[in-house]
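Working notes, structure below.
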There are 2 protein chains.
Amino acid sequence: MTLRDGAPVRLAVSTVIFALRPDHAGHPVLWTPLVRRTREPQRGLWALPGGWLPPNEALEAAAARTLRSTTGLAPNYLEQLYTFGEVDRSPDERVVSVVYWALVQSDEAAQATVGPNVRWVPADTMPELAFDHNRIVEYALWRLRTKVEYAELAHAFLGATFTLAELREVYEIVLQRRLDPANFRRTMLASGRLLETGERASGAPHRPPKIYRYETTTAAAQTREPFMRERPAS
Amino acid sequence: MTLRDGAPVRLAVSTVIFALRPDHAGHPVLWTPLVRRTREPQRGLWALPGGWLPPNEALEAAAARTLRSTTGLAPNYLEQLYTFGEVDRSPDERVVSVVYWALVQSDEAAQATVGPNVRWVPADTMPELAFDHNRIVEYALWRLRTKVEYAELAHAFLGATFTLAELREVYEIVLQRRLDPANFRRTMLASGRLLETGERASGAPHRPPKIYRYETTTAAAQTREPFMRERPAS
DNA sequence: GCAAAAGTGTTATCGCTACACCCATGC
DNA sequence: GCATGGGTGTAGCGATAACACTTTTGC
């Protein structure tokens, strides 16, 4: 590639967004929203939502804004994934992309914005994307699957309240294997981060399950990285 | 802070470099090289080695070059740590820093470059650094300590060959606790990544220990992040 | 009653920790 | 021999996996 002399390095922020939605057969799987590129280079190809970093906006704020304008949703979980900076990622220009990954709530995601230039696709059957975005999505998927053990991730797909079966289903979809209901229950309860709401979900032809809420108040953020102050969201 | 209109975001690459060197009492601990800032802002303060990203250089290459010019050494381990991008990290300008962390070999580090503007300090007694670099070092230390379990990290501090006692000492320094020699031996050997060289180290008033070499050839990079090729795992 | 999922109990197994003990060397 | 760390054996403990079993609902 050739660079104009004195051309600066440009800095972009992109976000890999995950939500659980039913596939064609009705089984929930991971989905990701993409946006169509409306200008060169790679015009017409699908790409991760993102844009140039504005001079007055923090990285994470830019990722959250991107996410909101693409999906209409607020992230339940937002974390920096990696910064991609090979010289030839984009033709003509040198672009460094700080990439975030986010989880959004499934039921809300079902009614998320769509349009001719926004499209949700199953995360494991991505079409050909612009630039190196296929590689980025694969890496984000890997991080999601290895990190879901750290528990609060699964909760980010759900609403404020949920049953243990719903929580287990999230784990099963992300990890792509079945989990023993009995052992899952004990492991989750032993973590001490689930609070009973006192309610039960009725209507199904079986014993009504207890409804839980996630522990948010106390010193729950133990497995998270320190970073001395706050964090994005949990 | 005020930003000039149209002022671009500037992109820097910095590196937190770790090596094991003896402290004043002769016990090896983690050390980090710092460089003195020779221009504004924050002139005179110590800071992480780094610089602006050249338009034709990949991020990791820039980190490796920085490391070489600061220490005269080549990294045994080099990995992206995090990208820091708050709006007010630097006065006057908007600077986003892609930070790498590196491990260099201890015996070589002992004879590393020094000068009036380069200084090694113990990693847990950092002086006040420029910008947000103290926070960055703390985060790098945390990553080192949590990730050393993934094994090849400890090896990066040592030379090509080493005894199990030397390897264990690295772990003990990084983790800041004693490890049971018997259990450490079994765990390491069970990992399958240590190869006997057939040699032994003699000279000490006790049974001469076997000398090992680290497995580099085969599919050893299993715990490393995938980056598209092979398997997620772990 | 029946089906289905919630929820409980029990056992086997694996991995890790603690610690006792033997081995080979320099002096 | 003695001291010192290299190296081996093994019992206990805690976490997890597997799976049998009981409970409570809708129909």
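Just so we're on the same page: letters track the sequence lines, and every chain starts at 1. In this text the structure is predicted, and so the values were computed from the model without any measurement.
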So, using salt bridge (Lys or Arg N to Asp or Glu O under 4.0 Å) as the criterion, who are the partners of Arg65(A) when residues are at least two apart? Glu57(A)
When the aromatic ring centroids of Tyr214(A) and Tyr212(A) are compared, is their separation below 6.0 Å? no
Pairing residues for Asp132(A) by the salt bridge (Lys or Arg N to Asp or Glu O under 4.0 Å) criterion, not counting sequence neighbours: Arg89(A)
What residues in residues 196-205 of chain B put a non-hydrogen atom under 4.0 Å from any atom of DNA chain C? Gly203(B), Ala204(B), Pro205(B)
In B/S/- notation, 5' to 3', how is nucleotides 16-24 of chain D contacted by protein heavy atoms closer than 4.0 Å? -BBB---BB
Just to verify, what does His27(B) make a side-chain contact (heavy atoms from CB on, under 4.5 Å) with, not counting sequence neighbours? Asp23(B), Ala25(B)
Salt bridge (Lys or Arg N to Asp or Glu O under 4.0 Å) involving Glu199(A) - partner list, sequence neighbours excluded: none
Set of residues satisfying salt bridge (Lys or Arg N to Asp or Glu O under 4.0 Å) with respect to Arg213(A), sequence neighbours excluded: none
Pro127(B): what forms a side-chain contact (heavy atoms from CB on, under 4.5 Å) with it, not counting sequence neighbours? Leu34(B), Arg119(B), Val121(B), Leu129(B)
Provide the full list of salt bridge (charged side-chain N to carboxylate O under 4.0 Å, His left out) pairs with a residue in residues 201-212 of chain B, sequence neighbours left out, each pair given once. Glu196(B)-Lys210(B)
Taking side-chain contact (heavy atoms from CB on, under 4.5 Å) as the definition, give me every residue that meets it alongside Ala74(A), ordered by chain and number, with sequence neighbours left out. none
Roughly how many Å is it from CZ in Phe162(B) to P in dG6(D), rounded to a whole number? 14 Å
What is the 5' to 3' range of DNA chain C, first to last nucleotide, that sits under 4.0 Å from any heavy atom of chain A? dA3(C) to dT10(C)
Got a sec, which residues hit side chain to side chain donor-acceptor pair (under 3.5 Å) with Asp180(B), two or more places apart in sequence or on another chain? none
